[in-house]
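Numbering of ligands and ligand atoms starts at 1, following listing order. Numbers here simply count residues along the sequence, with the first being 1. From a predicted model like this one, the values you see are computed outputs, not experimental measurements.
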Amino acid sequence: MASIFSRIAQGEIPAAKIYEDDQTLAFLDINPATRGHALVICKEEHPDLLSVPPDLLAAVAQTTQKVARAVTEALKPDGYNVMQNNGSAAGQEVFHYHVHIVPRWEGDNAIRAWKQGTADTQELQELATLISRQVQ
Ligand code: AMP
């Protein structure tokens with residue numbers, strides 16, 4: 001079954017659209033964290049970051065920059081977050097690759113920063129080695 005975002009891309013479900021090209025679409029989030037919270041999707045359905053072909057990923061990145069610029073011009077926020085969730089443990093609800101652009105205003109408390117931990121230098125180095133071996 002097509003994802004809700006595919007149905008938006010195909011025009012079956014309405015959305016407050018901001019920008020569209022052959023490969024990508026941007027529209028406002030229906031449950032916004034802040035005013036102007038936007039989503040950028042690839043029209044082709046891929047569940048998450050790892051499954052999106054690189055050229056499509058680049059197209060989403062370009063649209064994200066375009067929309068972030070437009071949001072900044074239109075709403076003059078103090079800043080914005082660009083976020084992307086993968087897997088339900090990370091808060092992903094719609095399994096169709098998308099990027100959030102969340103305009104931020106000082107003191108809005110819209111998104112909690114993560115709790116920062118500590119790590120020793122050796123542990124960081126071991127982790128970096130473990131991960132770097134898997135880079136393809
Ligand atoms: P995520 O948790 O990263 O998967 O984010 C999914 C986002 O999609 C949530 O912020 C939802 O509010 C948003 N969303 C779900 N359905 C719709 C819809 N029909 N139109 C616009 N945004 C939607």
Side-chain angles (χ1 to χ4, degrees):
M1 197 179 116
S3 76
I4 188 132
F5 290 169
S6 286
R7 298 182 67 197
I8 288 173
Q10 283 155 21
E12 292 172 21
I13 291 179
K17 293 183 184 176
I18 296 170
Y19 172 81
E20 181 165 13
D21 59 28
D22 286 354
Q23 293 178 298
T24 69
L25 172 66
F27 52 93
L28 292 177
D29 195 298
I30 204 166
N31 292 124
T34 62
R35 182 168 170 262
H37 179 169
L39 301 174
V40 179
I41 68 166
C42 45
K43 290 182 173 177
E44 202 174 274
E45 189 169 330
H46 298 280
D48 57 24
L49 176 68
L50 296 188
S51 57
V52 184
D55 59 328
L56 204 45
L57 203 54
V60 172
Q62 285 180 22
T63 298
T64 299
Q65 186 186 50
K66 220 181 265 278
V67 173
R69 189 176 286 126
V71 164
T72 300
E73 286 300 317
L75 304 179
K76 312 279 189 233
D78 298 320
Y80 57 88
N81 293 102
V82 174
M83 302 174 62
Q84 201 271 307
N85 302 325
N86 295 278
S88 47
Q92 186 177 11
E93 289 173 359
V94 177
F95 289 81
H96 179 144
Y97 180 72
H98 58 281
V99 174
H100 296 256
I101 300 167
V102 185
R104 300 296 305 276
W105 284 269
E106 295 295 346
D108 65 20
N109 289 321
I111 297 172
R112 287 221 181 136
W114 56 80
K115 210 172 88 197
Q116 287 191 301
T118 53
D120 65 45
T121 312
Q122 190 187 336
E123 186 186 354
L124 291 180
Q125 197 49 61
E126 285 167 9
L127 263 176
T129 302
L130 185 72
I131 297 166
S132 66
R133 284 198 194 114
Q134 300 299 328
V135 174
Q136 293 169 14

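Atom CG of Asn85 sits about 11.5 Å away from atom CG of Asp48, to the nearest 0.5 Å. For the atom pair OG1 (Thr63) and CG (Leu39), the distance works out to 13.0 Å, reported to the nearest 0.5 Å.
A donor-acceptor contact shorter than 3.5 Å is absent between the side chain of Glu93 and the backbone of Ser88.
Contacts with ligand 1 closer than 4.0 Å are made by side-chain heavy atoms of His100 only, the backbone lying farther away. Counting heavy atoms closer than 4.0 Å to ligand 1, residue Phe27 contributes side-chain atoms (C-beta onward) but none from N, CA, C or O. Residue Met83 does not touch ligand 1, judged by heavy-atom distances below 4.0 Å.
Between Gln92 and ligand 1, a contact under 3.5 Å exists for no N or O pair.
Distances from ligand 1 to the non-hydrogen atoms of Gly91 include at least one value under 4.0 Å.
When the options Ile13, Ile30, Ile8 are ranked by their closest heavy atom to atom 21 (C) of ligand 1, first place goes to Ile30.
Taking the six-membered ring where the residue is Trp, the centroids of His46 and His96 are separated by 6.0 Å or more. Between Phe5 and Tyr97, the ring center distance fails the sub-6.0 Å criterion.
Just one of Val52, Leu49, Val99, Leu25 meets the side chain to side chain contact (heavy atoms under 4.5 Å, CB included) condition when paired with Val60; it is Val99.
Here the protein heavy atom with the shortest distance to atom 9 (C) of ligand 1 is Asp29 OD2, 3.3 Å.
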